[in-house]
Structure formats: structure tokens, C-alpha cells
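Heads up, the thing below is written out as C-alpha cells.
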Amino acid sequence: MKSIKSQSKLSRHVLTATKNAESLIIQTLDKSPDVRTLKKLHSRIISDPNLHSDTSLAIKLMRAYAARGKPEVTRKIFDRISQRNNVICNVMIRSYVNNHFYRDAILMYKSMLASGIMSDHYTLPCVLKACSASDDLRFGLQIHCPAVKKGLDLTLFTGNGLVAMYGKCGNLEDAKRVLDEMPCRDIVSWNSMVAGYAQNGRFDEALEVCKEMESLGVKPNPGTMASLSPAVTNTSKENVMFMKKIFLGMSKEELVAWNVMIAVYANNSMSTEAVDLYLQMETNGTEPDAITIASVLPACGDLSAVSLGKQIHEYVEMRGLKPNLSIENALIDMYAKCGCLVEARKVFDEMQIKDVISWTSMMSAYGRSGKGQEAIELFSKMQDLGLAPDSIAFVSILSACSHAGLLSEGRNYYRLMTEEYKIVPRLEHYTCMVDLLGRAGRLDEAYTHIKQMPMEPNDRVWGALLSACHVYNNMDIGVVAADHLFQLAPQQSGYYVLLSNIYAKAGRWKDVTLIRSIMKGRGIKKIPGVSNVELQDQVHTFLAGDRSHPQSEEIYEELESLLGKMKEAGYVPKTDTALHDVEEEDKENHLVVHSEKLAIVFAIINSKPGILIRVTKNLRVCEDCHVAIKFISKIAEREIIVRDTNRYHHFENGICSCGDYW
DNA sequence: TTAGGGTTAG
């Protein structure tokens, strides 16, 4: 009797000890521990038979491993559980889905049914997610039937899953039918429908759904904005404004709302707005995350906002957001667009994992700076590593060759692409080839290349030909190219200016006047040249002939004195590129005040000797400015980087990185 | 009888 009593006392004691250990483990597991901690807990559980047989503990452990990206460990735990039920299977399926192992999720579901375990209202939403994520409409349809039989299609979560699955797979009518028949819906139901239309590029219908839900008193949330966003790239101003309206009506605590709105701006060439909103977000105290960063960096690059770009880079390091492919690729691109090749290369070299996009970004960084050889080296290294170049990688290497005048190399890459990699050339590749041949002076060949295109050439293709005609003073082909351009892009003033310059060089002033009257008749204005220069985090803007700057007088005085020194050193203004039909001296005056010259002189006055000057221009640098800046770089002893609409010129000690080839 | 759930942004 006595011994039985003490035995039960002992077992009670063991029981409470186990209970305590269990609750401690559960507490830790609920805090999403890292893999090391998880392994410790795991072995502790295995070593204790009482804990080991506890399925609810096993489930928590399974989820924790899956949350740390280890579904294979989750699976091992699952396999060791002998008494399986639907909950355990559901957790396993979910672990796969959360880690993008959709096929495994579906297989798991099948084997669950095969072993006689019933699916329930927890199983189906999850399997439906696996179907929609892997675009598996066939299996999705197979799930719909049993769902109907059990009446689950009318429940909230399964209904939402069905709407999302049909929407993602492009069966929008079925998605709408399910949504309409659902007896109770929530914001996720509506958002799923919105996402379906948006993912299939049907913005108007997505908007209709937004209006319908609003009329039923359901207010859009950040998820609605996120759902809409696939349809809001390169879209109309109205659509962007619609997004802005939703955004303004939303709580500013929501990170997703900020992220989507920034991305919408960035994806619609509204870089200034994207950057402004990012700064507002900072002021608002909302912490940016990896997605914010990946959206705002391209906008920084677009605006050549290096100092903001650098600040964001520092933030990335501080928050430990690296390694992250999207962010690192975006950093390379941002630095490249700002002309900071060294910084771009540093990010590139420090990457632990690089994909084709990383290599392509770095190659085009070199390409735009005229460093064709460096781009070629990277291309070979990428191939050596077994990474197959894709269509865009070829665009990048072809344009690098063209910017560096590497004609035969470019031809070889074109052959490699079409013959070995069997990549069908797209418009972009044709543009590159026409550009490559044209810059090398092979105008007839370039023209023949266009005539052989299997698709209709666009304005960029003809534009490449026209600018080559401009460089090589070829009026015959130039007129043909211009004819097409006036049809394809009648509002683009640049093409009229190019043709008119071709005429001007040939002294055909009557034709110049004719072009000008055509432009006038069509209401086309020449885009004024604008240059930006960054000084102490502030961007200063100059127009051609600008006298509005507070330091204007000083700038013009300095320019005058610089011009004297330049002429002494042998500078002769290249007046033949000026569009105007005026006397020589007047033409010279026109050229002197091109915006990039003003911006550079301003930077010289206001920065310490030796500081690098970075200018961004909205048009191509003209020949005269190019010569002049070479002289300035030597006389003022400054490195000057000028970014124009399609490349970089890095001037140093009287030489430009483009080797006068652009 | 307690475990487990849906949409979405680069």
C-alpha cells in the first residue's frame, strides 16, 4: 500500500516536471526560434518519451521548422508520427505551400485522401493556394467538386481560395460566379477577385469590383491596393490617380499601402513622386522594408539621386536586409544609372548569390559607360559559371558592343544568340544591331538589317538609324528613316531636330526652315535642354541660356574666363551642330550657354578642387559640348561624369571614356 | 477536442 502511494506520488512529480518542460518548450516554439534553437529543442523532445509522444508538440515543431524554410525537416517529423489525422496532414501541406513546394503539397493532399483521412475546411484553402500558385487549373477543378459536395464552397475561406484560384488561372467568369454565390464575403473575397482581374491585365473590371465592394460598404484596404497593382504598370494617369485616391483614404500606418503606392509611381515613370513618397514615409515614421527599398531604388537611379541612393544603401546594411537578390540587383542598377561604376561593382562582387539579372545589370553598367571590354569579360565569366544568358542579357551585351564600337564582337554575340542559344531576336535586339552597324558607319548594312526584320520596326529602330545618319552625314538614308519616324512618333521633337541638323550640316538651310515650319504646323516644340547637378544633397537645374540662378552672373563670368583658356588650349567651337541658321558668331553664343556647360561651371565654382562633378542631361550631349567638356576637365582638373539620355561620358584629363565614339 | 486557415506589393 505504502509503495503504491509513493509510486503515484513519484509519477505525479514526473508528470508536473514534464508539464513544465512542455510549456517552456511551447513558449519558445511560439516565438519563432532560429534553426539552432530549434535543433536543441528538437533533441530535447526526442530524448524525453513523454514529450516525444506528444503530437501537439510535434505539430508546433513542424510549423517552426517550416517557418524557418525547412519543410524537409518538417516532413521528417511528419513521417515519424504513426497516428496521423487531418490536422497533422494540414500542417504538412501548409508547410509545403508556405515554402513554395506546391507539387509536394498537392502530392501530400492526394496521399492524405488515399490513406482515408478526410480533408476539411482547413485543407482546401491551402491546396487551392498550391493550385493557383502553380497555375494548376486542372487540379483546382478537381478540388472544386468535393468542395461543393461538402458544401465547403459556400464557406468563407474555401470560397476565397476558389475565387483566387480561378482568378489566377485566368478563369475570371468562374471566379466571379463563385464570388457572387458566396453567402458571406469579406474584404479578402473582394480583393481576390480584384487580384484575378488585375493579374490578367483587366484593370477596368478590377476597378468595377472595387466600386461594387465600396457600394456594399466594404472599404478598400492595403490588400486591395496590392491586388490592383499588377495592372498598374505603364498605365494611364487616371489609373495612377485612382490608386492615389485609395491611398490617401487609408491609414498611414500600413506599410503595404506605402509600398504599393511607391511601386505604382516607380512603374509609371513618376520617379520624382516615388522618391517624394519614400521621403514622406520616412517622415511619417513608417519603417521601409525590403520591398520598399527594391521599389524606390530604380527611381533614385532614374533621377541620378546618388546621395539618397547611398543613404538607402546604408540603411540596407544597417537593417541587415542583405543578402537579398532583388535589393542587391537594384543597388547595382541604381549605382550604374548614377554613373558610379566602382560602387556598382563593389555590390556585385560582394554578392553571395548572383543571378542572370545581376550579371546583366553589371554588364549594362559597363556598356553604358563605354567599357565594352569589361562587359565582354563579365559575359564570359557568366557563361563559365554555367549561367545561360537570356534574351535581356544579350540586349545588354549587344548594346555594350555598340557603345564601344566593337563591331565584330557584336556580330559574334548576335550569332551566338540566334544560332547557339536559339533565342528569337526581339525588337530590342534589332535596335542594338542597327545601332551597332550604324555607329560603325555601316549605314547600308544597318538599313538592310531593318528591311530584313520579320516584324514592323518601331521608332527606336529607325531612331538608331537616323542618329547614325546624323553622325555620318548621310542624307539619303536619313530622310528615309525620318519619314518613318514622323509617321511612328510624330510628336517626338528630337527626330525633327536630328533631321534638321543633318540638313544644317549640309548647308541646306531651306530644308532646315521647312522642318521648322512642319514642327510649328504640328505644334511640336523643341524640348529645351535641361541639366541637373547635385551639390550637397541638393539638385540644381539649369536650362540652356539660363540666367535665373542666383549665382548667374558669377557663372557666366567664370564661363567666359574658362572659354578664353580653352581657346588658348586649342578649343574650336563646333558650330555645325547648331540648328539655327545664323551667323557664325551668333551660333557660337548659342552653344556656349548649353545647359551642361552652365551646370559644370556652377559645380566648379561651388565645390572644392578635385571633387568629381556629376551632371544629368535630358537630351544627348552635343558634339560641341563634348569637345568643350574634355577641355574643361583638363583645365579645371576635374573628373566630370555626364549622363545623357542613353549613355555616360566620363571626362578626365582631357579624355572621354567613350573614346569620342557615341 | 486542442493543434491547422484565405488575398496582396519588387
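Lettering follows sequence order; numbering is per chain, from 1.
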Quiz item: Does B:dG5 have A:Tyr122 stacked on its base, where the ring centres are within less than 5.5 Å and the planes differ by under 30°?
Solution: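 The ring of A:Tyr122 is not stacked on B:dG5.
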Sugar-phosphate, base or nothing in reach of [X], heavy atoms under 4.0 Å:
X        : result
A:Ser229 : sugar-phosphate
A:Gln199 : sugar-phosphate
A:Gly161 : nothing
A:Thr123 : nothing
A:Asp120 : base
A:Asn329 : nothing
A:Ile93  : nothing
A:Val91  : sugar-phosphate

Quiz item: Within the distance-only criterion (no hydrogens, no angle test), does the side chain of A:Arg185 pair as donor or acceptor with the backbone N or O of A:Leu179 below 3.5 angstrom?
Solution: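 Side chain of A:Arg185 to backbone of A:Leu179, a donor-acceptor pair under 3.5 Å: yes, one is there.
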Nearest of [options] to any side-chain atom of [X]?
X        : options              : value
A:Asn191 : B:dA3, B:dG5, B:dT7  : B:dT7
A:Val188 : B:dT7, B:dG10, B:dG5 : B:dT7
A:Ser56  : B:dA3, B:dG5, B:dT7  : B:dA3
A:Val87  : B:dG4, B:dT8, B:dA9  : B:dG4

[N] [atom2] sits how many Å from [X] [atom1], rounded?
X        : N     : atom1 : atom2 : answer
A:Asn90  : B:dT2 : CG    : P     : 17 Å
A:Tyr96  : B:dG5 : OH    : P     : 17 Å
A:Asn221 : B:dA9 : CG    : P     : 13 Å
A:Leu57  : B:dA3 : CG    : P     : 15 Å
A:Asp186 : B:dG5 : CG    : C1'   : 12 Å
A:Ile88  : B:dT1 : CD1   : P     : 16 Å
A:Ile291 : B:dT8 : CD1   : C1'   : 9 Å
A:Leu297 : B:dA9 : CG    : C1'   : 15 Å

Self-check item: A:Phe379/A:Phe394 aromatic ring centres below 6.0 Å
Solution: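 Between A:Phe394 and A:Phe379, which both carry aromatic rings, the centre distance is below 6.0 Å.
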Practice problem: Would you check if the distance from the ring center of A:Trp258 to the ring center of A:Tyr278 is below 6.0 Å? | Solution: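 Centroid distance A:Trp258-A:Tyr278: not below 6.0 Å, so no.
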Self-check item: Residue list, salt bridge (charged side-chain N to carboxylate O under 4.0 Å, His left out) with A:Asp174, at least two apart or on another chain
Solution: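 Here the qualifying residues are A:Arg177.
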Exercise. Return no unless some side-chain N or O of A:Arg63 is found under 4.0 Å from OP1 or OP2 of B:dG4.
Key: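 Indeed, a polar side-chain atom of A:Arg63 lies that close.
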Quiz item: Does B:dG5 have OP1 or OP2 sitting under 4.0 Å from an N or O in the side chain of A:Lys129?
Solution: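 Indeed not, no polar side-chain atom of A:Lys129 lies that close.
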Practice problem: Give the ring-plane orientation class for A:Tyr109 versus A:Phe139, where under 30° counts as parallel, over 60° as perpendicular and anything between as tilted. | Solution: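 Taking A:Phe139 first and then A:Tyr109, their aromatic rings stand perpendicular (interplane angle over 60°).
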Practice problem: Check whether any side-chain heavy atom of A:Glu253 lies under 4.5 Å from a side-chain heavy atom of A:Thr286, and answer yes or no. | Solution: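 A:Glu253 does not reach A:Thr286 side chain to side chain.
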Self-check item: Under 3.5 Å donor-acceptor pair, A:Ser295 side-chain atoms to B:dG10 base atoms
Solution: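 There is none.
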